[in-house]
Amino acid sequence: MQASGSKTESGRNDLGDAKTVGEFRAALLDFFARRGRDLPWRRARNPYRVLVSEFMLQQTRVETVRERYVRWLRRFPGWRELAAASRDEVLLEWKGMGYYARARNLHRTARIVCERHGGELPPEPKALKELPGVGDYTAGAVASIAFGRAVPAVDGNVRRVLCRLLDLPDPSPRELRDLAARLLHPTRPGHHNEAMMELGATVCTPRTPRCPTCPVRSHCAAHRLGTVRERPLRKPRRPPRRVDYAAAVAIDRAGRVLLVRRPEGGLLGGMWEFPTAELPCDVANRRPNHGLDRRDRPADATGDPNSGSEPLRRAAGASSNHNMHHAAAAPTVALERLAKLGLRGVAIVALAPVRHAFTHLRARYHPVVVSLRDSAATAPPMADAPTNGEDPATARWVEPARLDAFALPVAQQKIAEQLIAEQLGDMLE
DNA sequence: TAACCGTGGCC
DNA sequence: TGGCCAAGGTT
């Protein structure tokens, strides 16, 4: 294997000697000083703010984070305030940003910093990496940006920039780290790392790189070889799984709706939702030799959900064609879900299906409004009694107008919007 | 190693 | 509409 950054086919020195590397660093820092964006987390800095911004920016666009970051700092100005907050307060503030494990980890980190580090973030990468949610990249970014440590920080942007600079198709994380460390400006590592990311975000972009305006294009092997568009190599992704859910919108006598908290780990962990249960797979949606056989369905899932009760109404916009199979099973599954919570009711309205795309999941929610007004069992298991100090009840009755006060994932917010648009009064008559 | 974990914008 | 992607970390 040819040593990275050594002689190229054209015979030019390409980041292989100290002089060239020095020129590269200077051009990079000059670019950042003159063309770097004015972003909130680049203004007033302290270790807490740097860490918050890095958590928020994991796999998330700058434009999404921008306002959320400012709002977060107003709500949780420092370690102490964040550590003192409840899980619900933290998740509510994170609502809509996705990857909610980040919020839980940031919260845990704040408590660790307060309880074990005297309220000060440790500056060494090794100590940083022991904090929940802090990996190789974040440790390097915080150590260099907040504490001036000369350590590399390789994120997706930096990886792309490096792959192009040296025309590497698919280098290992170790290679990238070594390479980044070799190029790193020894006395201004924070600015250097940020400048590399800024270059990747605004100039050396994935799709249509702006090579004519690139401050370091004279150092770029891919530019010279015409391989910029193919660097780095893309890996094929597996197609997302398809899942259908029934969502039970249970309404009690007072017109309140029931929310339950999802379990800590896993998808949307700790977030609130209308009680939800997976629907049996649609035969037509399955690939041969995969998934469940038809007889694996729950025996009553295909029965008439409304036998012996009033007929189910369909809200305007509710699908009645190709979703028919799922839409038909949804009321029964929704009632079963509520039965597990000790509740018995009557399905009265099917709302329109809500489609939602997760990274590795294509979900469809089939909301069913269930009236509990004639039920005698709306109280006991649903009491608001906290189970312990930190973990308030896992189920709560909520006035629809107050749903905003709960950390609902986006798909659940869509269901809530439909519910409010449908006008509860009409339904309960 | 590869799967899992959200969301919104873009084409 | 649907696939791709964006300042990763965890298991």
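In what follows, chains are A, B, ... by sequence order, proteins preceding strands, each numbered from 1. Bear in mind the structure is a predicted one, so any value in this text is a computation, not a measurement.
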Looking only at side-chain atoms of [X], point me to the closest of [options].
X: A:Thr60; options: C:dG2, B:dG6, C:dC4; value: B:dG6
X: A:Thr138; options: B:dC5, C:dG9, C:dC4; value: C:dG9
X: A:Tyr99; options: C:dG8, C:dG3, C:dC5; value: C:dG8
X: A:Tyr100; options: C:dG2, B:dT7, B:dC5; value: B:dT7
X: A:Val410; options: B:dG8, C:dG9, B:dG6; value: B:dG8
X: A:His360; options: B:dC4, C:dG9, C:dC5; value: B:dC4
X: A:Arg61; options: C:dT10, B:dT7, B:dG8; value: B:dG8
X: A:Gln59; options: B:dG8, C:dC5, B:dG6; value: B:dG6
X: A:Pro409; options: B:dT7, C:dG2, C:dC5; value: B:dT7
X: A:Arg234; options: B:dC5, B:dT7, C:dC5; value: C:dC5

Check: For DNA chain C, whose closest nucleotide is more 5', that of A:Leu131 or that of A:Arg207?
Finding: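 Between the two, 5'-proximity favours A:Arg207.
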
Checklist line | Contact nearer the 5' end of DNA chain C, comparing A:Asn105 with A:Glu194 | finding: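 Its nucleotide being nearer the 5' end, the pick is A:Glu194.
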
Go through the side-chain N and O atoms of [X] and [Y] and say whether any donor and acceptor fall under 3.5 Å apart.
X: A:Thr60; Y: A:Arg102; answer: yes
X: A:Tyr137; Y: A:Glu54; answer: yes
X: A:Arg164; Y: A:Thr227; answer: no

Remember a base hit wins even if backbone is also touched, and classify [X] as base, sugar-phosphate or nothing at under 4.0 Å, heavy atoms.
X: A:Arg42; result: base
X: A:Pro132; result: sugar-phosphate
X: A:Arg160; result: sugar-phosphate
X: A:Leu268; result: sugar-phosphate
X: A:Leu106; result: nothing
X: A:Arg262; result: nothing
X: A:Met97; result: base
X: A:Trp94; result: nothing
X: A:Arg237; result: base
X: A:Ala141; result: nothing
X: A:Val62; result: base
X: A:Gly96; result: sugar-phosphate

Notebook entry, point to check: More 5' along DNA chain B: A:Thr64 or A:Leu361, using each one's nearest nucleotide?
Noted result: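 The 5'-side residue here is A:Leu361.
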
Keeping the roles fixed (side chain from [X], backbone from [Y]), state whether a donor-acceptor pair exists under 3.5 Å.
X: A:Arg45; Y: A:Trp41; value: yes
X: A:Arg104; Y: A:Gly269; value: yes
X: A:Arg242; Y: A:Ala363; value: no

What integer distance in Å separates [X]:[atom1] from [N]:[atom2]?
X: A:Phe358; N: C:dC4; atom1: CZ; atom2: P; value: 19 Å
X: A:Asp155; N: C:dG9; atom1: CG; atom2: C1'; value: 14 Å
X: A:Met56; N: B:dT7; atom1: CE; atom2: P; value: 15 Å
X: A:Arg238; N: C:dG3; atom1: CZ; atom2: C1'; value: 16 Å
X: A:Arg104; N: C:dG9; atom1: CZ; atom2: C1'; value: 12 Å
X: A:Lys235; N: B:dA3; atom1: NZ; atom2: C1'; value: 13 Å
X: A:Lys129; N: C:dG9; atom1: NZ; atom2: P; value: 8 Å
X: A:Lys414; N: B:dT7; atom1: NZ; atom2: C1'; value: 10 Å

Notebook entry, point to check: Would one find a side-chain N or O of A:His356 under 4.0 angstrom from OP1 or OP2 of B:dT7?
Noted result: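 Looking at the OP1 and OP2 atoms of B:dT7, one of them is under 4.0 Å from a side-chain N or O of A:His356.
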
Check: Are any of A:Arg362's side-chain N or O atoms less than 4.0 Å away from OP1 or OP2 of C:dG2?
Finding: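 A:Arg362 to C:dG2 OP1/OP2: side-chain N or O found under 4.0 Å.
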
Margin query: Are A:Phe358 and A:His360, when compared by the centres of their aromatic rings, separated by less than 6.0 Å?
Written below: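 No.
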
Next item on the list: List the atom of A:Phe406, the atom of A:Lys95, and the distance in Å for their closest heavy-atom pair.
Entry: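 Heavy atoms of A:Phe406 and A:Lys95 come nearest at O-NZ, 3.3 Å.
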
Note to self: Taking only the P atom of each, what is the distance from C:dC4 to B:dA3 in whole angstrom?
What the structure shows: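 Per the computed distance, 15 Å lies between those P atoms.
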
